[in-house]
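This report concerns only the one structure given below.
Count residues from 1 along the sequence.
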Amino acid sequence: MGCWKWVNGVLKEAEVNVTDANKDGIDQVIHKCIGEKSSYGRCSADWRKARKEINESPEMRNKLIQKLKALT
């Protein structure tokens with residue numbers, strides 16, 4: 001959980017509360033999102049850079065929020 005503390009704002013915006021039951025799903029969504037974006041050259045595979053890129057790109061942030069909302 002600590003490696004994606006930076007996404008707390010995104011989780012709050014998506015109205016997703018992290019629980020033991022959903023944290024693996026949340027982790028998968030985040031990893032998949034960063035992996036997909038980096039493979040297309042739109043985001044860094046480096047989590048620190050990815051955080052900045054996602055937070056600065058409304059499009060990327062909104063896509064991640066929508067994927068997280070789908071978990072609930």
Side-chain angles (χ1 to χ4, degrees):
M1 180 93 169
C3 65
W4 42 271
K5 270 183 170 179
W6 62 269
V7 85
N8 284 338
V10 175
L11 292 169
K12 187 174 183 177
E13 199 172 327
E15 299 175 349
V16 173
N17 293 315
V18 179
T19 65
D20 286 339
N22 71 4
K23 69 180 177 182
D24 288 337
I26 292 168
D27 195 48
Q28 288 176 4
V29 167
I30 294 167
H31 279 276
K32 185 174 181 185
C33 178
I34 290 175
E36 286 175 356
K37 302 293 183 208
S38 65
S39 70
Y40 294 123
R42 297 181 56 212
C43 184
S44 175
D46 178 338
W47 277 74
R48 289 177 210 170
K49 290 179 184 176
R51 173 192 69 195
K52 183 177 179 195
E53 292 165 352
I54 289 170
N55 284 331
E56 291 178 355
S57 170
E59 178 188 354
M60 291 171 77
R61 185 178 178 91
N62 287 333
K63 284 184 180 182
L64 179 56
I65 288 169
Q66 293 307 312
K67 289 177 182 182
L68 290 167
K69 280 185 175 184
L71 293 173
T72 58

Point-to-point distance, once rounded to the nearest 0.5 Å, from CE of M60 to CG of N55:
10.0 Å
Heavy-atom pair of closest approach, residues L64 and V29:
CD1-CG1, 4.0 Å
Is it the case that more than 12 heavy atoms not belonging to K52 sit under 6.0 Å from its NZ atom?
no
Give me the atom names and distance for the closest heavy-atom approach of E13 to K69.
O-CE, 4.0 Å
Taking all non-hydrogen atoms of both residues, which atom of T19 and which atom of N22 are closest, and how far apart?
N-OD1, 2.7 Å
Report the distance from atom CD of Q66 to atom SG of C33, rounding to the nearest 0.5 Å.
12.0 Å
With a 4.5 Å cut-off on side-chain heavy atoms, are N8 and K12 touching?
no
